[in-house]
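I have placed the structure first, in the form of structure tokens, so that the comments after it can refer back to it.
Note that this is a predicted model, so its numbers are computed, not measured. Any value given below was found using the heavy atoms of this structure, including those in side chains, with hydrogens, waters and symmetry copies removed. Letters A, B, ... mirror the listed sequences (proteins, then strands); counts begin at 1.
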Amino acid sequence: MPAELAKIFEPKAVETDVYSRWIKQRAFAADPAAAGESYCIVIPPPNVTAALHLGHALNNTLQDVLIRFRRMQQYNTLWMPGTDHAGIATQTVVEKRILAEEGKRRTDFAREDFIARVQAWKDEYEKRIINQLELMGCSCDWDRTRFTMDEVCARAVRETFFRLFADGLIYRGKRLVNWDVATQTVLADDEVEHETVQGNFYYLKYPLAHEVVAHGMRFEAITVATTRPETMLGDTAIAMNPRDPRAAALVGQMVRLPIVGRLIPIIADEHVVLPNPESEDEKARFSTGFLKVTPAHDPDDYAIRERRNAACPEAPIDIINVLAPDGTISDKHGWTDWDTVKNPDVENIVGMDRFEAREAVVEFFRREKLLEDVRPYTHEVGHSYRSHVPIEPYLSDQWYVAVKKPISNFRFPISNLSDRGLAEERDRVTYLKDTDVPVNSLAGLALAPLMDGRVKFTPDRYATNYRTWLENLRDWPISRQLWWGHQIPVWSGAIEKFSWFVSSQLIEECRHASDDSAPVIVSVPGRSAHEGVNAALQARNTVEGTIGYLTVPPGCEHIEKQLEEHGLVRDADVLDTWFSSALWPFSTLGWPEQTDALKKYYPGDVLCTAREIITLWVSRMVMMGQYCAGDIPFSDVFIHAMIQDGEGRKMSKSLGNGIDPLDIIDSHGADAMRFTLVSMTTQTQDVRMPVQKMKLPDGREVNSSPKFDAGRNFCNKLWNAARFAMMNIAGAPAWSQIRPGADLSDAWILSRLNATIAQATASIEAFRFNEVADTLYHFMWDEFCDWYLEIAKNRINAGQQDPKAVVAHCLDVLLRLMHPIIPFITEAIWQNLNDVCPVRGPGAAEAEPLLVRAQWPMADSAAINENAQQNFDLLQEIIRQVRNVRTQHNVPPSRRVDVAIEADGHVKELLTQNADLLRFLAQVQTVTFRSGDEPAPANAAAVVAGGAKLYVLDVVDAAAETARLTKQAQTLEKGIAGIMGKLANEKFVANARPDVVAKERQRLEQLQADLAHVQASLAALK
RNA sequence: GGGCGUUUAGCUCAGUUGGUUAGAGCAAUUCGUUUACACCGAAUAGGUCGCUAGUUCGAAUCUAGCAACGCCCACCA
């Protein structure tokens, strides 16, 4: 690197070089055996679906700021990197690409072949992502890079699945699920997006099987209201509220379902909304009082059926599924009475898409004069977050994790929350206070650390999201009908096929492998709990052909092979992506092995992420961290803003308003990008970044934002300040040879420097990132460059040596303070500074060879000098006013002016000692002092501040001077009037804090004195 | 429907427990290439802090109501 820096900072010239220097020196490598308290951050693993966007740049910059800060504070740091396989998202992307490029569908491939294709995509994108992170300057320990589907993580997934199964927390459930007909997979509740849709309420008449005459009323038909007419094909009952006056006559009657001709009963259910056209409740206004019950296609109806069948088992309501997984009407997926109801009208509809069928059904009712009305209706409809098609409630077999089931014999101690009033016992179960969440359930394990304060959110309002979600949590469906993911380790088959296994040695082997007394698990549907070997033996006595399920611990591949040889079949589905993501904080460290890394770095410290995955991911990490590793995965959760474009829209590919971090690194440099992002990180939930087109040198037109110019300008300013400093500080005296408090400007800048250290440190610790950036920006630019360096320049030219040492020290500290935000440029400058001035500041030793490992500065409270700051403030005010006079009077910058000063006591002394500052900074030739008794000099402009009066001599523009002074007088009068008003108010004087009143009085005095000076000068002008 | 957030200069945003004349960056105006930096320097201009009411000696800040915009959550009759 050249001894003298280039005139303009060229990021490209230093970034690669600096980064490879860090890698060579293994600056990011975590050593569990090394000294130092641990500090660990795990990266939110980016999805391998695509390259990183600006949100990732923000997210990872903040993590890097934190980890670099703590590394400099000499913590034993680990930033764990890696990527996420992102099941649905990645599979969808790859499927789309293969379809577009080769015209092939997933089902045209064998499973292994398709997975290989996705794997190839993953390999490519993982490489790109890691390369992007490196270009951003991220200081991850790359040797530890993990992938949610690699061997180490897969082992943790298998172990966790086994434990959950063994603890009876995984079960097979027939449930109505959120079915995405496009991707043909089930979605968790939180993967469903609700969108407002303009739809219709259709009023359909169903004829009664027999006319009813009762209580003076005559009924031939009833009318139901529905937004999804096509589901009527699966209606198996009509429900009405028992309080409905018509109920007495109609409940128990039968209805003949149009089109299908099925006879279905009218039943009573209290949840049916009574019709009321006047009601505030929209449902009551639209209701007819009769609710069609379609248990296979509506969760409400499913619940009605369960209630009814529990209460009335002798006459159960059927459940009939009329949809195929692809969303077409089908008689092949659980249309149980097809043979008895089939007729040309129904057969005509079978095979239609659900929306086509909707029209066909409505048309049938219209033709048969059974369509009573169609009313427009705006309502919320669930859509797939992935395919964006409306979700279909669909009856399906899925694996679930029971989240509120108490875990008996939980393997880790559970902290006693009752003593602290955070838990209470009801019916022999301990629940978290004011919830139905048992302390020893998975949800309880996640919620307790928030309640007892072990996990803290910043900003804290996000804790509410986390809490409400867990309090209302329902069981977690974990199976996904995909190929890309962790295949579910469950083998199933008719129960009699298990007998050889139960009596074989393999069971013992499994027990051994599980490192636990928990045996192989066999569970049988119909039993809520899974049971062990004994249950399996019992289960042999159950009906032949009953399906049993079995899982084995990790590391028993030979057993898995034998299971398959004996005709047991492995579940084709894979686990929900979040299942492996939930284990990320410890699976990456080698859990369940008790590795050195796990022992040293778990629990970690901070999780830094966006608010959208607080529930999906953050809560599950806490849950599984507690369940698997026996402790919380991190103590702080920092939630940063989401970046939007200038109009407040999300940045997205489809809108074309996204900004590619690599383009910004190309055009502005990684440091500039980082600085801008950090300075935008306030505590709000969104930040806007106006997007503008930008032309790159290679001719490409890309999105950028003027916001990044601020970061680039800042880096350039720092670069030049450092360049200038290093031209001047060679041969700086040792700190012990100077008197850093003797000169006002030295005392002032050192005071400001130490205040800045304290402020920056406190701000990072509190995650107030924008405050860190603002503090450093202000100190570096407005104080160090604009004032101190200008002064030092002149003093050094005048032969003074002290400023050299002070400049070197300030630059040294500034580089340290800025390193976490702008690591490349600071490291590059550091290398030069070490050449020019290896020993600097109060320490006598040579500076650390690498800034990345240098010590974070400590504020020296003794250097903080209120007096120097006040005095310097006054000098700044006077200098600004002299400059203002020069501008107002059109004094050419090259012309030096003379000033005559009227001042007394302390101010006079201050101005006498620091007259040089006026000369250096306001282009003043001579400074003289005069008495107030002398007549005011002619052709002079007057400057009034802090009780002093300065005449700038021989600047002749009476009109300009009058205007200037009049304006100043007005400002002063306004201030005086304000204060006088306050002081005239007895209540203010009586009630306000005495120091506030005293301050006002003092200020009034000052303003009045200044006003008197100004008025005197004005009078003299006339 | 429930919850949360935002509203301050033309634009993007700060403003920590209520207390000087409400700040910054960008943009704007005027001047300037004096050997660190024109990705710069100096100076200037620009705001009844969304609206209304209240608490207080004092409100951008606290309370209530209203409005606009946005986000999250909620079983589509």
Non-neighbouring partners of F365(A) that pass ring-ring contact (aromatic ring centres under 6.0 Å, His included), sequence neighbours left out: none
ring-ring contact (aromatic ring centres under 6.0 Å, His included) partners for F769(A), two or more places apart: F638(A)
Nearest-nucleotide 5' precedence on RNA chain B, D774(A) against V996(A): D774(A)
Along RNA chain B (nearest heavy atom to each residue), the more 5'-positioned of L1007(A) and P706(A): L1007(A)
Determine the interatomic distance between [atom1] on [N] and the same-named atom on [M]; round to the nearest Å.
N	M	atom1	value
U56(B)	A67(B)	C1'	26 Å
C31(B)	A45(B)	C1'	15 Å
G46(B)	C57(B)	P	34 Å
A36(B)	U30(B)	C1'	25 Å
G54(B)	G70(B)	C1'	28 Å
C26(B)	C39(B)	P	12 Å
U16(B)	U6(B)	P	12 Å
G18(B)	U63(B)	P	11 Å

If I take atom [atom1] in residue [X] and atom [atom2] in nucleotide [N], what distance separates them, rounded to the nearest angstrom?
X	N	atom1	atom2	value
I614(A)	C72(B)	CD1	P	11 Å
L470(A)	C72(B)	CG	P	19 Å
K999(A)	U21(B)	NZ	C1'	14 Å
R228(A)	C76(B)	CZ	P	10 Å
I391(A)	C73(B)	CD1	P	14 Å
L874(A)	U20(B)	CG	P	20 Å
L1004(A)	U21(B)	CG	P	11 Å
N472(A)	C72(B)	CG	P	18 Å

Under 4.0 Å protein heavy-atom contact, by nucleotide of nucleotides 4-12 of chain B - B base, S sugar-phosphate only: -S------B
Per-nucleotide protein contact string for nucleotides 31-46 of chain B, where B marks a base within reach and S marks sugar-phosphate only (heavy atoms under 4.0 Å, - for neither): -S---BB-BSSSSSS-
Are any of the side-chain heavy atoms of [X] and [Y] separated by less than 4.5 Å?
X	Y	answer
L718(A)	M780(A)	yes
N716(A)	N720(A)	yes
R1001(A)	L983(A)	yes
C715(A)	I822(A)	yes

Stems involving RNA chain B, each a run of at least 3 consecutive Watson-Crick or G-U pairs under 3.5 Å: B:1-7 with B:67-73, B:10-13 with B:23-26, B:28-32 with B:40-44, B:50-54 with B:62-66
Any donor-acceptor pair under 3.5 Å from K12(A) side chain to D666(A) backbone: yes
Please classify the nucleic acid contact of [X] as base, sugar-phosphate, or nothing, using heavy-atom distances under 4.0 Å.
X	answer
R611(A)	sugar-phosphate
L972(A)	nothing
H271(A)	base

Enumerate the residue pairs fulfilling side-chain hydrogen bond (donor to acceptor under 3.5 Å, both in side chains) with a member in [range], sequence neighbours excluded, ordered by first and then second residue.
range	result
residues 883-897 of chain A	H889(A)-E961(A)
residues 762-778 of chain A	Q759(A)-S763(A), Q759(A)-E771(A), S763(A)-E771(A), R768(A)-E771(A)
residues 779-790 of chain A	D746(A)-Y788(A), R752(A)-E783(A), E790(A)-K793(A)

The single option from W719(A), F675(A), F708(A), F9(A) passing ring-ring contact (aromatic ring centres under 6.0 Å, His included) against F714(A): F675(A)
Side chain to side chain contact (heavy atoms under 4.5 Å, CB included) partners of N794(A), counting only residues at least two apart: F920(A)
Cation over ring face, R611(A) and Y462(A), 6.0 Å, 45°: no
H668(A)-D709(A) side chain donor-acceptor pair, cut-off 3.5 Å: yes
Residues Q881(A) and E877(A): side-chain donor-acceptor under 3.5 angstrom: yes
Which atom pairs link the protein and nucleotides 57-60 of chain B when you take only N or O atoms and keep those under 3.5 Å?
from, atom 1, to, atom 2, distance (Å)
C57(B), OP1, N991(A), ND2, 3.2
C57(B), O2', N985(A), ND2, 2.7

N770(A) side-chain proximity, nearest of U21(B), A14(B), G70(B): A14(B)
Residues in contact with RNA chain B, drawn from residues 290-303 of chain A - heavy-atom cutoff 4.0 Å: L291(A), D300(A)
Taking only distance into account, with no hydrogens and no angle test, what donor-acceptor pairs under 3.5 Å do side-chain atoms of residues 226-239 of chain A form with protein atoms, sequence neighbours excluded?
from, atom 1, to, atom 2, distance (Å)
T226(A), OG1, R228(A), N, 3.0
R228(A), NH1, H297(A), O, 3.3
R228(A), NH1, E392(A), OE2, 3.0
R228(A), NH2, H297(A), O, 2.5
E230(A), OE1, R358(A), NE, 2.9
E230(A), OE2, R358(A), NH2, 3.0
T231(A), OG1, R228(A), O, 2.8
T231(A), OG1, K292(A), NZ, 2.6
D235(A), OD1, K292(A), NZ, 3.1
D235(A), OD1, T294(A), OG1, 2.6
D235(A), OD2, Y206(A), OH, 2.7
T236(A), OG1, D318(A), O, 2.8

Nearest atoms (heavy-atom pairs only) where I222(A) meets V224(A): CD1-CG1, 3.9 Å
For A922(A) against V882(A), the heavy-atom pair lying closest together: CB-CG1, 3.8 Å
